[in-house]
Amino acid sequence: MTNTDDDRRPKYQRIADSLREAIQSGEYGPGDRLPGENELMAAHGVARMTARQALSVLKDEGVAESRKGAGVFVRSFRPLRRRGIQRLAQEQWGSGRSIWSADIENRTLVVDQVTVSEEAAPENVGQVLDLAEGETVCVRSRRFVLDGKAVLLATSYLPTSVVAGSAITQEDTGPGGTYARLAELGYKPVHFREEIRSRMPTRAEADQLSISAGTPVILICRTAFADEGRPVEINEMTLDAASYILEYDFDA
């Protein structure tokens with residue numbers, strides 16, 4: 001329904017809103033090509049910059065995506081429902097399953113750009129992990145690609161004194177991943193804390209996630225604790241906000 005405020009919207013916003021409504025009504029479905037700049041200029045009597053801004057709004061919202069040399073298309077990627085509580089249950093990683101199996105159903109997940117190194121602990125990491133001065137950490141950085149779309153960047157920090165010589169220091173940590181290996185080392189995670197924030201991406205993050213600079217990212221910092229409240233891992237994650245639904249399901 002149109003109201004008097006609509007007339008005060010910039011032209012590019014009105015065009016973007018009409019395109020969004022057409023997508024929501026099914027006129028344009030997932031994977032369909034949207035009208036290009038020339039078509040929008042002719043249909044709405046606007047300058048090229050205005051048409052470009054309208055398409056940029058939809059790309060920044062994650063509704064549409066550019067394909068080089070082909071145009072702008074309705075995004076066909078199905079958002080990932082991240083089940084924040086179920087995915088960290090011991091029955092997941094304790095039975096050799098990836099914590100991602102709670103989220104991805106039968107979709108294809110690839111982990112690439114994996115690097116593992118031993119480094120001096122950043123000050124904030126050392127404080128949270130309660131490390132003595134000079135102690136190092138095992139740093140595990142990786143990118144997660146779902147159905148061919150990069151959706152998450154993650155960097156984990158674990159005390160070298162805990163994980164040295166274990167599979168955690170290798171690219172492939174084995175069935176159940178890092179948490180299953182920590183349990184074998186006597187540091188089974190029994191409690192998790194996640195802190196969530198949101199901001200615009202850095203240029204490097206936008207490049208790695210293949211998102212426009214106007215698409216926000218979700219930042220999740222998870223700390224895993226073993227018995228007696230000992231912190232054993234910090235995992236700093238950067239998520240493409242348009243690719244995720246964060247779900248938290250728990251009893252009253």
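No hydrogens, no waters, no symmetry mates; every other heavy atom, side chains included, goes into these values.
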If you compare all heavy atoms of [X] against all heavy atoms of [Y], which two are closest, and at what distance to 0.1 Å?
X	Y	result
S141	T155	OG-OG1, 3.3 Å
R107	L80	NH1-CA, 4.2 Å
R181	P175	NH1-O, 2.7 Å
T160	C138	OG1-N, 3.5 Å

Mind checking whether [X] and [Y] have side chains closer than 4.5 Å, heavy atoms only?
X	Y	result
I234	C221	yes
L209	P201	no
R143	V145	yes
L152	L146	no
E236	Y157	yes

**Q.** Worked check of side-chain contact (heavy atoms from CB on, under 4.5 Å) between I196 and L246
**A.** CA-CA 10 Å; I196 301 175; L246 303 185; 4.2 Å; yes
Q. Which pairs pass ring-ring contact (aromatic ring centres under 6.0 Å, His included) with one or both residues in residues 212-240, sequence neighbours excluded?
A. H191-F225
Q) Which residue pairs pass the ring-ring contact (aromatic ring centres under 6.0 Å, His included) test with at least one member in residues 28-74, sequence neighbours excluded? A) none
**Q.** Pair N235-E233, side-chain contact (heavy atoms from CB on, under 4.5 Å): steps then yes or no
**A.** CA-CA 6 Å; N235 189 354; E233 183 219 31; 3.8 Å; yes
Same apolar cluster (I L V M F W Y, side chains within < 4.5 Å links), [X]/[Y]:
X	Y	result
I15	V74	yes
F250	I245	no
M237	I218	yes

Test your reading of the model: is there a side-chain donor-acceptor pair from [X] to the backbone of [Y], 3.5 Å cut-off?
X	Y	value
R140	I168	yes
T215	I211	no
D207	A204	no
D147	K149	no
E61	L58	no

Q: Show the numbers, then the answer: is there a side-chain hydrogen bond (donor to acceptor under 3.5 Å, both in side chains) between E119 and S117?
A: CA-CA 6 Å; E119 301 177 17; S117 60; 2.7 Å; yes
Q.
Can you confirm whether R203 is buried at CZ, in the sense that more than 12 heavy atoms of other residues, nucleotides or ligands lie under 6.0 Å from that atom?
A. no
**Q.** M49 atom CE, neighbour heavy-atom count above 12 within 6.0 Å
**A.** no
Q. Do the side-chain N and O atoms of Q13 and Q53 include a donor-acceptor pair separated by under 3.5 angstrom?
A. no
Q. Between the side chains of S243 and R75, does any donor sit under 3.5 Å from an acceptor?
A. yes
Q: Starting at CG of L40, measure out to CG of L19 and round the result to the nearest 0.5 Å.
A: 5.5 Å
